[in-house]
Enquirer: 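Provided herewith is a single structure, encoded as structure tokens, for subsequent inquiry.
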Amino acid sequence: MKMINRSVQLSGGNKCFVRCPGCYNFFSNKDYLTKDLLHFLFELKERTGIPKITMAGGEPLARWDMPYILRNLKKMGYRINLDTVGLSLIKDVEIGTNKIVNKISAEDIVHSVDIIGIPFDGSTDYIINHFRRNLKVNEIIRILEELSLKGANLCINTVVHKNNIDDIINIFNLIKGYQNIKKWQLFQFMPIGPGGYKNRLKYELSDEDFNSLEKILTSFNNTSIEIQLKSRLNRKNKYLLIDGEGIVWVPQQNNHDYWLSEDENNERILLGNIAEKDAVNSILSLLVNHELAETT
Ligand code: SF4
């Protein structure tokens with residue numbers, strides 16, 4: 001059995017409800033086929049035994065057959081983290097002009113996934129909108145309430161950047177009352193990908209500032225929520241990504257044990273496409289070669 005030392009992060013498609021200027025994703029206008037995705041992930045499980053995948057943005061719940069995809073991944077034995085903005089759980093959502101994503105019932109997804117990650121980047125609409133366009137505090141609260149009612153395990157995902165670092169305590173005060181929130185992940189903004197690299201100056205936060213959160217967070221000892229600080233260095237070379245078109249890639253990053261300015265770029269190493277014949281074998285071989293080349 002082959003090993004993968006990276007966490008597999010899948011894009012749910014090429015749509016997004018909030019189109020963050022600092023997004024790391026590569027969007028296209030062609031979506032992978034559901035059958036290709038399921039076939040690829042079945043083979044990947046068989047050959048590597050990886051236990052977990054994360055289904056993330058482009059927005060998974062903008063894809064009409066996502067409940068079907070999640071049910072099938074669960075049957076394959078995956079532990080599934082679903083990261084979603086979640087707006088389509090509370091209403092029909094307009095994307096761009098004339099495109100409507102119909103409301104999805106929370107019941108159709110909660111039983112297939114192990115934990116659902118919801119973004120919460122500020123205690124006011126103004127602060128949230130520095131990163132997520134047009135998302136509102138009261139919408140996030142409604143999503144958390146809807147998912148709590150349905151018994152979902154929840155995780156809050158906060159991208160920490162220079163415009164919200166002073167608001168972290170206020171975010172905690174908004175989430176601490178929810179029994180279903182099991183985890184709070186605070187991610188240091190990562191200046192990679194087309195949006196993340198282009199807009200890095202708007203968001204970038206020094207390691208020192210990010211690490212200073214540790215002291216503040218240890219004072220939140222009146223909570224059962226597991227709090228995790230995830231620096232950009234923690235996440236360097238840790239992901240294998242599949243975009244909304246099915247392209248499998250890793251960010252262009254060096255192998256040093258510290259964050260360097262050259263790690264900030266919008267380059268990616270392409271390893272293949274899930275629709276190709278024998279994609280899993282060829283992608284795993286390329287990944288091994290890439291990692292060997294980086295260490296020599
Ligand atoms: S970071 Fe996530 S929510 Fe923001 S645009 Fe990218 S996919 Fe959408």
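Below, all heavy atoms of this structure are taken into account, side chains as well, without hydrogens, waters or symmetry copies. These numbers were taken from a predicted model, which means no experiment stands behind them. Both ligands and their constituent atoms are indexed starting at 1 by order of listing. By convention here, the first residue in the shown sequence is residue 1.
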Enquirer: Do Leu241 and Val288 sit in one hydrophobic cluster, given that two such residues count as connected whenever their side-chain heavy atoms are within less than 4.5 Å of each other, even indirectly?
Expert: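 In one cluster: no.
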
Enquirer: Is the Trp249 to Phe26 ring centre distance short of 6.0 Å?
Expert: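 Here the rings of Phe26 and Trp249 have centres that are less than 6.0 Å from each other.
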
Enquirer: Compute whether any side-chain donor of one residue and acceptor of the other, for Asn255 and Asn237, lie under 3.5 angstrom apart.
Expert: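 Judged by distance alone, the side chains do pair up.
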
Enquirer: Just verifying a value: how many Å separate Glu245 CD and Tyr32 OH, rounded to the nearest 0.5 Å?
Expert: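 It comes to 11.5 Å.
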
Enquirer: Please write down residue, atom name and distance for the protein heavy atom closest to atom 2 (Fe) of ligand 1.
Expert: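 Nearest neighbour among protein heavy atoms for atom 2 (Fe) of ligand 1, to 0.1 Å: Arg132 NH1, 4.1 Å.
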
Enquirer: Looking only at protein heavy atoms, which one is nearest to atom 5 (S) of ligand 1, and how far off is it?
Expert: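 For this ligand atom, the closest protein heavy atom is Cys20 N, 3.1 Å.
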
Enquirer: Suppose I only count heavy atoms of Asn25 and a 4.0 Å limit; which atoms of ligand 1 are within that range?
Expert: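 Those atoms are 7 (S).
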
Enquirer: Tell me: protein heavy atom nearest atom 8 (Fe) of ligand 1, and distance?
Expert: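 Heavy-atom neighbour on the protein nearest atom 8 (Fe) of ligand 1: Cys16 SG, 2.2 Å.
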
Enquirer: Please state which protein non-hydrogen atom is closest to atom 6 (Fe) of ligand 1 and give its distance, to 0.1 Å?
Expert: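 Checked against all protein heavy atoms, atom 6 (Fe) of ligand 1 sits closest to Cys23 SG, 2.3 Å.
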
Enquirer: Checking contacts here: is it the side chain or the backbone of Asp83 that comes within 4.0 Å of ligand 1, counting heavy atoms only? Could be both or neither.
Expert: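 No part of Asp83 comes within reach of ligand 1.
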
Enquirer: So, 4.0 Å and heavy atoms of Glu59: is ligand 1 close enough to count as a contact?
Expert: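 No, that is not the case, since the closest heavy atom of the residue is not under 4.0 Å from the ligand.
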
Enquirer: I'd like to know if the side chain of Lys236 reaches the main chain of Asp257, judged simply by a donor and an acceptor atom lying under 3.5 Å from each other, with no hydrogens or angles considered.
Expert: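 No.
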
Enquirer: Which label fits Phe131 and His161: parallel for a plane angle under 30°, tilted from 30 to 60°, or perpendicular past 60°?
Expert: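 Aromatic pair Phe131/His161 classed parallel.
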
Enquirer: In ligand 1, which numbered atoms sit nearer than 4.0 Å to a non-hydrogen atom of Val85?
Expert: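 So the answer, numbered in order with elements, is 3 (S).
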
